[in-house]
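Everything numeric here is computed off the predicted structure, so don't read it as measured data.
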Amino acid sequence: MSSLSRGCAVAWRVCCHLPLDGQGGTRMSSVLIRDVANFVGQEVTIRGWLYNKTDKGRLQFLMVRDGSGLIQAVAFNKALPAEAFQAAQVVTQESSLIVTGTVQQEPRAPGGYELALSNVEIVQLAQDYPITPKEHGIDFLMDNRHLWLRSRVQWAVLRVRAAVVRAIRDYLDNQGFLLVDCPILTPSACEGTTTLFETEYFGEKAYLTQSGQLYNEATIMAFGRTYCFGPAFRAEKSKTRRHLIEFWMVEPEMAYAGLEECLRVEEELLSYVVMRVLESCKEELQILERDTTKLEQIVPPFPRISYNDVLQLLKEAGEELAWGEDFGAPHEVAIAARYDKPVFVHRYPAKCKAFYMAADPENPELSLSADLLAPEGYGEIIGGGERIASLELLEARIAEHQLPREAYEWYLDLRRYGSVPHSGFGLGIERTVTYLCGIHHIRETIAFPRTLGRMYP
RNA sequence: UCCUCGGUAGCUCAAUGGUAGAGCGACCGGCUGUUAACCGGUUGGUUGUUGGUUCGAGUCCAGCCCGAGGAGCCA
């Protein structure tokens with residue numbers, strides 16, 4: 001970046017704001033903490049909240065955050081008007097405040113810069129902020145999720161999430177996929193098996209979507225390559241650190257694409273996302289203490305292993321599984337542990353997978369499906385494969401699964417009018433973010449998680 | 001749905017069936033380089049809930065409620 005464009009970027013962020021008293025007479029300019037390195041030696045104003053404070057008597061250390069970062073501000077009693085120093089003395093954790101001071105390089109300060117204060121103005125004095133800088137249990141933190149979001153680790157995780165979403169959309173947009181979002185209220189089960197949230201649609205039953213998959217199959221016949229990006233709802237009573245009741249999923253779908261092409265897009269997409277996060281979230285990953293050397297290895301191609309070979313592998317590992325059984329969490333961990341990269345497990349038995357999965361021409365008992373298992377035991381982050389293109393086969397599968405044929409007439413139309421081989425997959429945003437952040441539980445990767453038995457706040 | 005663990009001060013946790021405590025927070029005081037500061041003091045309780053056993057229950061028993069971890073299912 002040239003010094004000129006750098007200067008412009010900084011100037012762009014120096015903006016004017018009216019004071020909160022609404023009187024509008026005086027105007028203040030302020031800078032973001034993330035930009036303070038560009039203002040060494042200059043006096044700046046920062047508008048934010050008090051993250052923590054160390055009271056040393058005539059010396060006050062104020063840790064100030066503004067949403068863009070964290071900086072230590074130091075108040076010496078002789079350097080400030082008496083009123084301002086008193087404000088620094090009485091200000092409490094998470095009070096909102098506006099501070100003015102000179103930016104200095106200071107090795108003793110976290111982050112390397114600090115603000116030598118000349119003024120402190122309290123906007124609102126917070127009383128008894130519940131989340132102290134000590135240990136807290138998860139129940140308490142979840143009850144206070146609306147406040148917990150202010151803490152550093154949560155700040156980092158949600159910023160990584162935003163970077164992941166941005167990277168996914170950039171990749172797909174640049175690869176010729178068109179964003180076509182799918183409905184959230186649906187007339188019936190997309191896959192017919194898992195439990196759905198039921199609601200009411202002017203006297204008719206309606207369900208919250210669990211996947212946009214079937215609608216994507218319609219939109220690719222109009223646009224070639226599409227993806228939908230939105231929430232999905234599963235009313236299953238899943239109670240593990242890998243499950244949310246409401247989660248976000250990106251589902252790309254491609255016309256004229258077989259399983260192999262699908263896998264290539266999956267590995268390229270995930271590698272691109274990892275690369276972008278490594279590039280744009282250095283500070284966040286550092287806060288999360290993520291071992292980035294493991295993420296740097298995530299480049300195509302990813303290893304591929306068939307279901308049948310996995311069974312053999314599990315047998316050798318003493319975890320024998322009958323053919324046709326799906327893997328449990330311990331199996332997934334055992335499989336992923338053998339690789340440094342995410343691994344594709346492909347060609348599951350047809351009966352393990354959804355009714356629309358294409359059959360393997362070499363063995364009709366198998367489906368042209370693949371799941372992507374993340375390393376380090378983070379589990380399945382992508383599920384996908386090739387869909388059935390034949391009308392007759394799809395009709396047979398719908399009957400086998402005892403699905404209501406009328407509800408699928410439009411879906412069958414896609415096979416009557418210009419059917420083509422096509423493939424697609426769904427990537428779980430929160431599981432991907434959990435893995436990239438290296439954190440323990442999926443509930444921290446969404447601002448307000450919906451988990452089994454918890455809908456507050 | 002099943003299995004396991006838990007519920008005591010605002011928070012994190014102690015407490016042989018025998019007077020319910022500590023640290024942190026908050027409040028008051030002290031300190032010009034703190035990094036979850038430190039030092040002194042003050043404050044703080046319907047022990048999840050209902051019933052039972054007992055001279056006596058935070059502690060033992062039963063039911064219920066809530067939470068956590070895991071399984072199954074899935075992304």
Checklist outcome for this item: Parsed dot-bracket for RNA chain B after applying the Watson-Crick and G-U rules with both distances under 3.5 Å and | for other-strand partners is (((((((..((((....[..)))).(((((.......))))).....(((((..]....))))))))))))....
Checklist entry - In terms of side-chain heavy atoms, does A:Glu217 have a donor or acceptor partner in A:His422 at a distance below 3.5 Å? => result yes
Next on the checklist: Which residues pass the salt bridge (charged side-chain N to carboxylate O under 4.0 Å, His left out) test with A:Arg454, not counting sequence neighbours?
Outcome noted: A:Asp139, A:Asp143
Next on the checklist: Please report the distance separating the C1' of B:rU8 from the corresponding atom of B:rU4, rounded so that it comes out in whole Å.
Outcome noted: 22 Å
Checklist entry - Taking the P atom of each, how far is B:rG17 from B:rA57, in whole Å? => result 14 Å
Next on the checklist: Whether the side chain of A:Arg145 engages the backbone of A:Ala447 through a donor-acceptor N/O pair (distance < 3.5 Å, no angle test) should be reported.
Outcome noted: yes
Checklist outcome for this item: Among the nucleotides B:rA75, B:rA71, B:rG33, whichever has the atom closest to the side chain of A:Glu380 is B:rA75
Item to check | Value in whole Å for how far the C1' atom of B:rC74 lies from CG of A:Leu427 | outcome: 14 Å
Checklist entry - What interatomic distance, in whole Å, is found between P of B:rC24 and the corresponding atom of B:rA20? => result 24 Å
Next on the checklist: With rounding to the closest Å, how many angstrom separate the P atoms on B:rU54 and B:rU16?
Outcome noted: 24 Å
Checklist entry - Where the side chain of A:Arg234 is defined as all heavy atoms beyond and including C-beta, which of B:rC74, B:rG33, B:rA36 is the nearest nucleotide? => result B:rC74
Item to check | Donor-acceptor pair present, A:His243 side chain and B:rC74 base, under 3.5 Å | outcome: yes
Checklist entry - Which value, in whole Å, describes the distance between the P atoms of nucleotides B:rC39 and B:rU34? => result 14 Å
Next on the checklist: Can you measure A:Glu236 atom CD to B:rC2 atom P for me and round it to whole angstrom units?
Outcome noted: 17 Å
Checklist entry - How close or far is atom C1' of B:rU34 from atom CE of A:Met63, stated in whole angstroms? => result 11 Å
Next on the checklist: From CZ of A:Phe140 over to P of B:rG10, roughly how many Å is that when rounded to an integer?
Outcome noted: 11 Å
Item to check | P gap between B:rU12 and B:rG7, integer Å | outcome: 12 Å
Checklist entry - Between A:Gln213 (CD) and B:rA75 (P), how many Å, whole number? => result 10 Å
Item to check | Proximity to the side chain of A:Lys237 - top-ranked nucleotide from B:rA36, B:rU1, B:rU34 | outcome: B:rU1
Checklist outcome for this item: Between CD1 of A:Ile245 and P of B:rA75 the distance, given in whole Å, is 14 Å
Item to check | Pairs flagged by ring pair (Phe, Tyr, Trp, His ring centres under 6.0 Å) wherever residues 43-75 of chain A is involved - sequence neighbours left out | outcome: none
Run the side-chain donor-acceptor check on residues 331-342 of chain A: report pairs under 3.5 Å with partners two or more places apart or on a different chain.
from: A:His331; atom 1: ND1; to: A:Gly328; atom 2: N; distance (Å): 2.8
from: A:Lys341; atom 1: NZ; to: A:Val299; atom 2: O; distance (Å): 2.9
from: A:Lys341; atom 1: NZ; to: A:Pro301; atom 2: O; distance (Å): 2.8

Item to check | Partner set under side chain to side chain contact (heavy atoms under 4.5 Å, CB included) for A:Leu393, not counting sequence neighbours | outcome: A:Ile388, A:Ser390, A:Arg397
Checklist entry - Partners of A:Glu94 by salt bridge (charged side-chain N to carboxylate O under 4.0 Å, His left out), sequence neighbours excluded? => result A:Arg65, A:Arg150
Checklist entry - What pairs with A:Tyr378 under side-chain hydrogen bond (donor to acceptor under 3.5 Å, both in side chains), at least two apart in sequence or on another chain? => result none
Item to check | A:Glu332 CD - B:rA75 C1' separation (whole Å) | outcome: 10 Å
Item to check | Side-chain-base donor-acceptor pair under 3.5 Å for A:Ser238 and B:rC74 | outcome: no
Checklist entry - Are the side chain of A:Lys53 and the backbone N or O of A:Gln89 linked by a donor-acceptor pair below 3.5 Å? => result yes
Checklist outcome for this item: Counting primed atoms, P, OP1 and OP2 as sugar-phosphate and everything else as base, the B/S/- map of nucleotides 22-32 of chain B against protein heavy atoms under 4.0 Å is --SSS----BB
Checklist entry - At under 4.0 Å between heavy atoms, what does A:Glu114 touch on the DNA or RNA strands: base, sugar-phosphate, or nothing? => result base
Checklist entry - What one-letter contact string describes nucleotides 65-70 of chain B from 5' to 3', where B marks a base within less than 4.0 Å of any protein heavy atom, S marks contact via sugar-phosphate atoms alone, and - marks no contact? => result --SBBB
Checklist entry - A:Pro110 near the nucleic acid: base, sugar-phosphate alone, or nothing, with a heavy-atom cut-off under 4.0 Å? => result base
Item to check | Partners meeting side-chain hydrogen bond (donor to acceptor under 3.5 Å, both in side chains) with A:Thr240 (sequence neighbours left out) | outcome: A:His243
Checklist entry - Does A:Phe61 lie flat on the base of B:rG33, that is, centres under 5.5 Å apart and planes under 30° off? => result no
Checklist entry - What interatomic distance, in whole Å, is found between C1' of B:rC27 and the corresponding atom of B:rU53? => result 44 Å
Checklist entry - Starting at the 5' end of RNA chain B and moving along, which residue's nearest nucleotide shows up first, A:Phe327 or A:Leu141? => result A:Leu141
Next on the checklist: Is it true that A:Glu261 and A:Ser423 share a donor-acceptor pair across their side chains at a distance under 3.5 Å?
Outcome noted: no
Checklist entry - How far does the C1' atom of B:rU49 sit from the matching atom of B:rG44, given to the nearest Å? => result 24 Å
Item to check | Sequence neighbours excluded - ring pair (Phe, Tyr, Trp, His ring centres under 6.0 Å) pairs with any residue from residues 438-457 of chain A | outcome: none
Show me the donor-acceptor pairs within less than 3.5 Å that the side chains of residues 109-120 of chain A make with the rest of the protein, sequence neighbours left out.
from: A:Glu114; atom 1: OE1; to: A:Gln72; atom 2: NE2; distance (Å): 3.1
from: A:Ser118; atom 1: OG; to: A:Glu43; atom 2: OE2; distance (Å): 2.9
from: A:Ser118; atom 1: OG; to: A:Thr100; atom 2: O; distance (Å): 3.3

